[in-house]
There are 2 protein chains.
Amino acid sequence: MRRPTMDDVAQRAGVSRALVSLVMRESPKVSPERRAAVLAAAADLGYSPHAMARQLAQRTSTVLAVLVSDLHNPYFADIVEAVDTAAREAGLDMILSTGGRRPAGERRAVETMLGFRPAGLVLLSPVVPQAVLEAASVSTPVVAVERTVALPGVDTVTDDGRAGSRLAVDHLAGLGHRDVVHLDGGQGAQSSTRRRGFVDAMRAHGLEPHVEPSEYTEEGGAAAVARLLAAGTPFTALVAANDINAIGALSALADAGLRVPEDVSVVGYDNTSLAAMRHVGLTTVDQPRAEMGRLAVAAVVERIAGRRTAPTRHRLQPTLVVRTTTGRR
Amino acid sequence: MRRPTMDDVAQRAGVSRALVSLVMRESPKVSPERRAAVLAAAADLGYSPHAMARQLAQRTSTVLAVLVSDLHNPYFADIVEAVDTAAREAGLDMILSTGGRRPAGERRAVETMLGFRPAGLVLLSPVVPQAVLEAASVSTPVVAVERTVALPGVDTVTDDGRAGSRLAVDHLAGLGHRDVVHLDGGQGAQSSTRRRGFVDAMRAHGLEPHVEPSEYTEEGGAAAVARLLAAGTPFTALVAANDINAIGALSALADAGLRVPEDVSVVGYDNTSLAAMRHVGLTTVDQPRAEMGRLAVAAVVERIAGRRTAPTRHRLQPTLVVRTTTGRR
DNA sequence: GGTCATCGTTAGAGCGCTCCAATCGTTGGA
DNA sequence: TCCAACGATTGGAGCGCTCTAACGATGACC
């Protein structure tokens, strides 16, 4: 059961531990014969380096810690994938943890991850208090994705939520809609930005913005629509808080016997795999998630290399993906 | 930038490093005054223990490595959550990694995780070759979830796929359906078990089983239905490979102008959040995922404690969740 | 008053690795 | 022939921690 160590390999290959170390790190200054002997011995023993011992000795980590706020939201799957790929290319090993959408859970997750002294910490739509980010940023490069943070030690990567909302409104206005309602994301990350963008864009079109409180959940979307209908609020189009919220809205509309897009048009946000399902076909705002993941890793790498100490603030432009839930008024 | 170490704390508190270590591990044999002094010093310095150094010194890990084959499938989110909770209770820290559905990616992920010498390895629906599992199981407790493995060193937790398919068939037969087609999961984990269950259950009802090749994807489901329709195969109900596959089937049926459940009934598998969406309302087979996650962690813990060396083979009973995609013939 | 537990505390070795400086064996130029 | 220079190899210190054994101080007991 005991795993072989470098000393075991060294002994078997008839060389010193230091030489084995060099071979394992693919140093060029090892003669081909010795290298072969060491590799053979390692293979015989089933040896693989102890990553933790390595990091302790090196005093430098190759672990990129990533916190996902909600594993249930498919939005994150794409970003995580992009982060993973970029991390691999940068020679970093990604480890993931989740806080289950609860601040306390996220805090715990951040603390255990920091216990591993990672090379960097990437937080995806975190809901954890700023103080935690600040404390972490003292000793580790920290990047927040889809969360606005003004701390000097924390880099940020977000999409331009105002522009995203504007895209949705422009699209709907172009289709002749005048009574457009925004379902607001409440406490959720970036929701205030999206709301502001909606209001401004509506005004720019000379239209009266109506914002209905909601949240980033299916139930929230359904409830908001039910309220609108009960109140008799006139509307022919909805700009939902995000895709899941939009799905809830679609359900509520269907329950009320309203057809989409004939009676009501609906626009989501995030372009998750949910929206792309042919069965749903949601028109939605797409964030360049792959790019966002890449930039997040790049920001960490720059800080590690000491190439930068000032914070970066990436704000990416979203695009509109038109599917089947929006149509002419 | 350099993080404080135990020696820094010891010096500041005027005690030895060993005493600080005892305090950090909440040993009862430390006087209250010293404990307070140490904790104060640690707080002043912003000290937190170096998890890797600790594990190296302890020669025992508290890390539970979890491999997720596909982050995009919401099926995993629930299991991961359950595993996370159970791990926390067992005093283990979960780290997650993903192989992006590719055997090579999973192999890589498994190797980097093993580099951390985790206390255990849990693989969720892995597609990695058995040899990799076997090699890992030599030095680490390994549990495979939703994958049948016959290795003595690998514990397994699966649902009873035959029973699941039988539930679906019984339900449909009870509704008067006779022409039922199974969309097969192909290479995917557990698909052969589900297929066998389908065939047996159909025969038990005196019905002729029809199995159409497909896969665990939306596109696969849509393509399979399109083929069935093009071939003129008669059917009034579908037992899909899983929920995503069912969603694809629903889309293809809608495209063909067929109504669900009036013209065709559809049953999924996994009871993912997708199925639960009111907009979808998929009748589906539910696996006790929370329980599965818990059992997986329990299996690891038993092996760590040395309480067991023989493999466990948990096979859990699924249940049927009836929603709106199935109806009387 | 001496012995022996007991308790809180500490020195020091060691976990598996990296890295630096030192060493060894060649080689080539003077 | 000698020595500098170079490449390949190695010993040993050290990363931040835990753990064992030993320590001094205290108090109980005969």
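By convention in this document, chain letters (A, B, ...) are assigned in the order of the sequence lines, proteins followed by strands, and residues within each chain are numbered from 1. For clarity, every value in this text was computed on a predicted model and none was experimentally measured.
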Sugar-phosphate only, base, or nothing, as touched by A:R17 at under 4.0 Å among non-hydrogen atoms: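 Since a base atom lies under 4.0 Å of A:R17, the category is base.
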Rounding to a whole Å, what distance do you find between [X]:[atom1] and [N]:[atom2]?
X	N	atom1	atom2	result
B:K29	D:dC19	NZ	P	11 Å
B:E26	D:dT18	CD	P	12 Å
A:L56	D:dA13	CG	C1'	14 Å
B:H50	D:dG14	NE2	P	18 Å
B:D7	D:dT18	CG	C1'	13 Å
A:R34	D:dG7	CZ	P	17 Å
B:Q55	D:dC19	CD	P	12 Å

So do the side chains of [X] and [Y] get within less than 4.5 Å of each other, counting heavy atoms only?
X	Y	answer
B:F76	B:R289	no
A:E81	B:H72	yes
A:V122	A:L64	yes

Pairwise 5' ranking along DNA chain C for B:A53 and A:A57, keeping only the more 5' one: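 Result of the comparison: B:A53.
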Toward the 5' end of DNA chain C, by each residue's nearest nucleotide, B:E33 or A:Q58: B:E33
B:R3 and B:S48: side chain donor to acceptor below 3.5 Å: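 Per modelled atom types, B:R3 and B:S48 side chains form a pair under 3.5 Å.
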Pair A:T112, A:R108: side-chain N/O donor-acceptor within cut-off below 3.5 Å: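 A:R108 and A:T112 do not have a side-chain donor-acceptor pair below 3.5 Å.
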Span of DNA chain C in contact with chain A (heavy atoms, under 4.0 Å):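 First-to-last contact on DNA chain C, by the 4.0 Å heavy-atom rule, is C:dG16 to C:dC19.
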Under 4.0 angstrom between B:S21 side-chain N/O and D:dT18 OP1 or OP2: yes
Short side-chain N/O contact from B:R59 to OP1 or OP2 of D:dC17, under 4.0 Å: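 No, no such contact exists.
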Check ion pair A:D8-A:R12 (N to O, under 4.0 angstrom): no
Flag, side chain of A:N73 to backbone of A:Y75, donor-acceptor distance under 3.5 Å: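 Checked: pair present.
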